[in-house]
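Scroll down for the structure; my scribbles are underneath it.
Order of listing sets the numbers, starting from 1, for every ligand and every atom in it. Keep in mind that what you see is a predicted model, and the values were worked out from it rather than measured.
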Amino acid sequence: MGFAVDMQGFYGEYGGAYIPEMLYPNIKELEDSYLNIVQSESFQLRFRHLLKDYAGRPTPLFRAERLSEHFGTQIFLKREDLNHTGAHKINNTIGQLLMAERLNKKRIIAETGAGQHGVATATVCALTGMECIVYMGALDVERQASNVKKMKMLGAEVIPVHSGNKTLKDATNEAIRDWINHPVDTHYIIGSVVGPHPYPDMVTRFQSVISEEIRIQLMEQVGRDYPDYLVACVGGGSNAAGAYYHYMDDDRVTLVSAEAAGLGVDSGKTAATSLLGTPGIIHGSRTLLMQDDDGQIEEPYSISAGLDYPGVGPLHAWLARSGRATLHAITDEKALQAAFLCTRKEGIIPALETAHALAALELITPGTDDVVVVNLSGRGDKDMEIYIDKLEI
Ligand SMILES: *Cc1c(COP(=O)(O)O)cnc(C)c1O
């Protein structure tokens, strides 16, 4: 079974491009040119240069001695938290900004929920002098004040969206409306492996630098280029897609995905999309999403803003439902415990999203000599208020 996208943009039965007719020209332009651009030598030279000297790649693969001892196996942390802006998201925004330049776009739009993708987008726009407009639900603008300030300092215009629930879904609708109205000069930077084809594949390719580096680093450190277990958290699924990429068809590697169970899978306050979701269409692709019997999308909940998304990228719907990836739903409580464990054992404060991946270490059963890689998607600075609140000694 192959796990690459097919010609129509499908992973198994998930994916595709379900878009309003008015978006056809924009999507068609991107679909026709993205592969040629990504694979061209001049694009790769500039992409690699910025990943190295701007984002700070390669990120280290760190052998976590005390966590290894705790779990009785060999644990390595892929330090995406050490990227500029503190997470893997910058890999994608650098790639898409360069894509926009090649397509002669003058204006960038983006949607953001918690603000992390908005900041990563505003960052690369500042770097290149590109105009940047970020749509954000009005409720999120209030809740994520410090990221809004960062985006403004970086020169982006943040537009609060007052429709619907005033959160991510509404911001996305507004960004799409903008794109329809500015098809010629604007590129829409989507923040994860979601949206209509070719976005999931394009974003996966930009993030695949993660598994490319893991292969080289494992070879240097353990003498073979693959792990036995590869663990990542899944919101939309971009850090996981990047960490899995070169191992997707390698059966020696058990892929482990951690999604957010919130207060519990059956609590009604959850974001366990792949587990609870049913097929439907969201943001232009067919995937698993949390919806009621009438097809109304249910509001997701998680303590971690980056995992709080009602759908999941089509690749992950396919990995989960085909059985290629082992899926674990992690509660807020378990994620918090894992964040404290990692902090106290390794001196690394992880993002709350990442803490879900770390919590999955309790649920797998590797042998003593097995090699387990956890993708440490981001750092915990942004989550300090929640951590301090829970700090009980
Ligand atoms: C945004 C974010 C995520 C979730 O997004 P994916 O597309 O699923 O990777 C995970 N970790 C961190 C640190 C994030 O900022």
Contact atoms of ligand 1, heavy-atom distance to [X] under 4.0 Å:
X	result
G235	8 (O)
G306	4 (C)
G378	13 (C)
A351	13 (C)
C233	10 (C)

| query | Does V312 offer a backbone N or O that forms a donor-acceptor pair with the side chain of T287 under 3.5 Å? | reply | yes
| query | Of the backbone atoms (N, CA, C, O) and the side-chain heavy atoms from C-beta on, which set of S377 has a member under 4.0 Å from an atom of ligand 1: side chain, backbone, both, or neither? | reply | both
| Taking non-hydrogen atoms only, is H117 closer than 4.0 angstrom to ligand 1 via side chain, backbone, both or neither? | neither
| task | Give the ring-plane orientation class for W179 versus H187, where under 30° counts as parallel, over 60° as perpendicular and anything between as tilted. | result | perpendicular
| message | Parallel, tilted or perpendicular: which one describes the rings of W318 and F3, with boundaries at 30° and 60°? | response | tilted
| said: Under a 4.0 Å threshold between the charged nitrogen and the carboxylate oxygen, would E213 count as salt-bridged to R57? | reply: yes
| message | Among all protein heavy atoms in this structure, tell me which lies nearest to atom 10 (C) of ligand 1, with the distance rounded to 0.1 Å. | response | E353 CB, 3.4 Å
| Member of T354, L77, L67 meeting the side-chain contact (heavy atoms from CB on, under 4.5 Å) criterion with I348 | L77
The one among [options] that brings a heavy atom closest to [atom]:
atom	options	answer
atom 3 (C) of ligand 1	E80, Q116, K89	K89
atom 6 (P) of ligand 1	A241, G86, S238	S238
atom 8 (O) of ligand 1	A260, S192, G237	G237

| said: Could you walk me through whether H182 and D178 satisfy the side-chain hydrogen bond (donor to acceptor under 3.5 Å, both in side chains) test, starting with their C-alpha distance in whole Å, then the side-chain angles of each, then the deciding distance to 0.1 Å, before giving a yes or no? | reply: CA-CA 6 Å; H182 301 88; D178 179 314; 3.1 Å; yes
| message | Contact between ligand 1 and H88 is defined here as a heavy atom of the residue under 4.0 Å from a ligand atom; is it met? | response | yes
| message | The test is salt bridge (charged side-chain N to carboxylate O under 4.0 Å, His left out); show your working for K390 and D332 and say whether it passes. | response | CA-CA 11 Å; K390 304 283 169 184; D332 291 356; over 6 Å; no
| task | Could you grab the distance from atom OH of Y34 to atom CE of M202, nearest 0.5 Å is fine? | result | 8.5 Å
